[in-house]
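Beneath this line is the structure, given in structure tokens, with notes to follow.
Please read these numbers as outputs of a predicted model, since none were measured by experiment.
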Amino acid sequence: MASHPEVLWAQRSSPSVAEKNVVYLTVNVPDIIESTLKYELAPTKLSFHAKAGNNDKGIIEKEYDLQLEFYEEVVPEESQKKVTSRSFNLILRKKNHKEEFWPRLMKEKTKVPYIKTDFDKWVDEDEQDAKPEKIDDGYGGMDDDFGMGGGMGGMGGMPGMPGMGGMGGMGGMGGMGGMGGLDMEKLMASIGKDKEAAGASGDDGDDDDDEGPPPLEDA
């Protein structure tokens with residue numbers, strides 16, 4: 001017997017911009033065997049059936065089945081789908097352009113345990129323009145803009161700021177030149193003579209400031 005897969009959903013709405021009037025659906029079935037995938041999308045409903053599993057990973061094959069009847073119509077021709085190793089991802093274009101969110105995904109107001117809010121993609125209705133889009137990688141590759149239009153171009157340079165050239169390398173410090181023309185033997189001899197002269201005078205050089213002034217001479 002086929003199992004119901006977990007379904008996560010979020011949405012955006014816009015009265016004028018079709019690309020922002022969408023439903024995000026994630027059917028959480030890892031390792032879908034694509035040859036078994038049967039998927040049909042109509043304006044009012046979705047049908048999904050597939051086997052999933054991977055014997056090499058020790059994941060037993062299982063059958064999954066999903067039937068959804070939407071709260072309002074979507075546009076199948078302008079919707080997108082993508083299979084990844086983790087899930088089956090859909091971006092459904094809402095048919096009616098309006099500012100209000102759908103109050104729920106399903107037409108019938110019943111609690112379905114396997115359908116849950118996708119909090120990673122969800123924003124409140126009044127915060128749609130304030131928060132940047134934060135869409136999981138599973139939606140990449142459908143189209144450049146979540147499957148609904150052109151991608152963002154590269155950021156241009158800031159106007160008016162000329163490019164700064166690279167800083168050149170600092171040159172090495174030149175070596176100190178030798179002490180040209182200086183006779184070290186004569187220098188050392190001169191220092192020795194000065195020491196001998198200081199010793200002969202009997203001054204130790206430390207008490208000069210403590211001897212006081214010389215005696216006064218008679219007039």
Side-chain angles (χ1 to χ4, degrees), residues 1-13 18-95 101-124 128 131-154:
M1 183 177 177
S3 302
H4 292 301
E6 180 184 61
V7 177
L8 304 180
W9 82 291
Q11 62 178 316
R12 303 290 186 271
S13 64
E19 291 82 1
K20 295 183 179 180
N21 205 46
V22 296
V23 172
Y24 298 111
L25 277 187
T26 301
V27 182
N28 273 337
V29 178
D31 297 304
I32 292 174
I33 303 171
E34 293 193 45
S35 60
T36 68
L37 175 60
K38 296 178 182 178
Y39 159 74
E40 292 183 12
L41 178 63
T44 59
K45 61 185 179 180
L46 176 148
S47 174
F48 167 90
H49 187 93
K51 287 183 179 181
N54 190 321
N55 293 327
D56 294 337
K57 296 180 181 178
I59 302 173
I60 300 173
E61 289 186 11
K62 291 179 63 176
E63 283 191 52
Y64 293 89
D65 187 81
L66 177 67
Q67 306 293 325
L68 295 179
E69 191 169 0
F70 302 125
Y71 177 77
E72 288 186 358
E73 290 188 26
V74 300
V75 184
E77 298 80 15
E78 298 178 7
S79 300
Q80 303 287 329
K81 68 181 186 296
K82 182 180 180 182
V83 179
T84 73
S85 60
R86 295 177 296 167
S87 57
F88 181 62
N89 304 305
L90 297 150
I91 299 179
L92 308 176
R93 183 78 65 86
K94 296 177 182 177
K95 182 178 180 179
F101 272 2
W102 288 2
R104 56 187 179 274
L105 176 63
M106 303 280 286
K107 182 177 180 179
E108 298 296 329
K109 191 176 182 180
T110 57
K111 179 68 175 178
V112 182
Y114 54 85
I115 296 179
K116 303 175 182 180
T117 301
D118 190 339
F119 290 105
D120 288 338
K121 300 180 183 67
W122 190 272
V123 296
D124 291 334
Q128 294 184 87
K131 290 186 177 181
E133 291 288 0
K134 188 179 178 181
I135 304 302
D136 184 84
D137 288 342
Y139 287 87
M142 289 183 173
D143 248 301
D144 292 332
D145 187 20
F146 312 130
M148 301 298 172
M152 291 178 63

Return the set of residues passing side chain to side chain donor-acceptor pair (under 3.5 Å) with His4 (not counting sequence neighbours), or none when no residue passes.
none

Between Ala42 and Phe70 the two heavy atoms that sit nearest each other are O-CE1, 4.1 Å

First locate atom CG of Asn89, then atom CD of Gln80, and finally report the distance between them rounded to the nearest 0.5 Å.
12.0 Å

Parallel, tilted or perpendicular: ring planes of Trp102 versus Trp9, cut at 30 and 60 degrees
tilted

Check Pro76 against Pro43 and note the closest heavy-atom contact, atom names and distance.
CG-N, 3.8 Å

To the nearest 0.5 Å, how far apart are CD in Glu19 and CZ in Arg12?
14.5 Å

Please round to the nearest 0.5 Å and tell me the distance separating atom CD of Glu108 and atom CG of Leu68.
12.5 Å

Out of curiosity, Leu8 CG to Phe119 CZ, how far, rounded to the nearest 0.5 Å?
10.0 Å

By side chain to side chain donor-acceptor pair (under 3.5 Å), Lys107 pairs with (sequence neighbours left out) none

Applying side-chain contact (heavy atoms from CB on, under 4.5 Å), run through Arg93 and Val22 and close with a yes or a no.
CA-CA 5 Å; Arg93 183 78 65 86; Val22 296; 4.2 Å; yes

Is Leu92 close to Gln11 at the side-chain level, that is, under 4.5 Å between some pair of heavy atoms?
no

Would you say that Leu105 contacts Val112 through its side chain, given a criterion of any heavy-atom pair below 4.5 Å between the two side chains?
no

Do the non-hydrogen side-chain atoms of Asn28 and Arg86 ever get within less than 4.5 Å of each other?
no

Side-chain heavy-atom pair Val27, Ile32 within 4.5 angstrom cut-off
no

Is the closest basic N to carboxylate O distance between Lys94 and Glu72 below 4.0 Å?
no

Side chains of Leu37 and Phe48, heavy atoms from C-beta outward: is any pair under 4.5 Å?
yes

Are side-chain heavy atoms of Thr44 and Glu73 found at a separation under 4.5 Å?
yes

For Ala52 and Pro30, work out which heavy atoms get closest and say how close.
CB-O, 3.4 Å

Closest contact, heavy atoms only, Trp122 versus Ala10
CE3-CA, 3.5 Å

For residues Leu90 and Tyr39, report the shortest heavy-atom separation together with the two atoms involved.
CD2-OH, 3.1 Å

Kindly indicate whether the side chain of Glu6, heavy atoms from C-beta on, has any atom under 4.5 Å from the side chain of Lys116.
yes

State, yes or no, whether a side-chain contact exists between Lys121 and Thr26 at a heavy-atom distance under 4.5 Å.
yes

How would you list, by chain and number, every residue that makes a side chain to side chain donor-acceptor pair (under 3.5 Å) with Ser47, sequence neighbours excluded?
Gln67

So Leu46 and Val74, side-chain contact (heavy atoms from CB on, under 4.5 Å) or not? Walk me through it.
CA-CA 10 Å; Leu46 176 148; Val74 300; over 6 Å; no

Please name the residue in the list Lys57, Glu61, Lys51 that meets the side-chain contact (heavy atoms from CB on, under 4.5 Å) test with Asp31.
Lys57

Using 0.5 Å steps for rounding, measure from the OH atom of Tyr64 to the NE2 atom of His49.
11.5 Å

Taking all heavy atoms of Asp65 and all of Pro5, pick out the closest pair and write down the distance.
O-CD, 3.3 Å

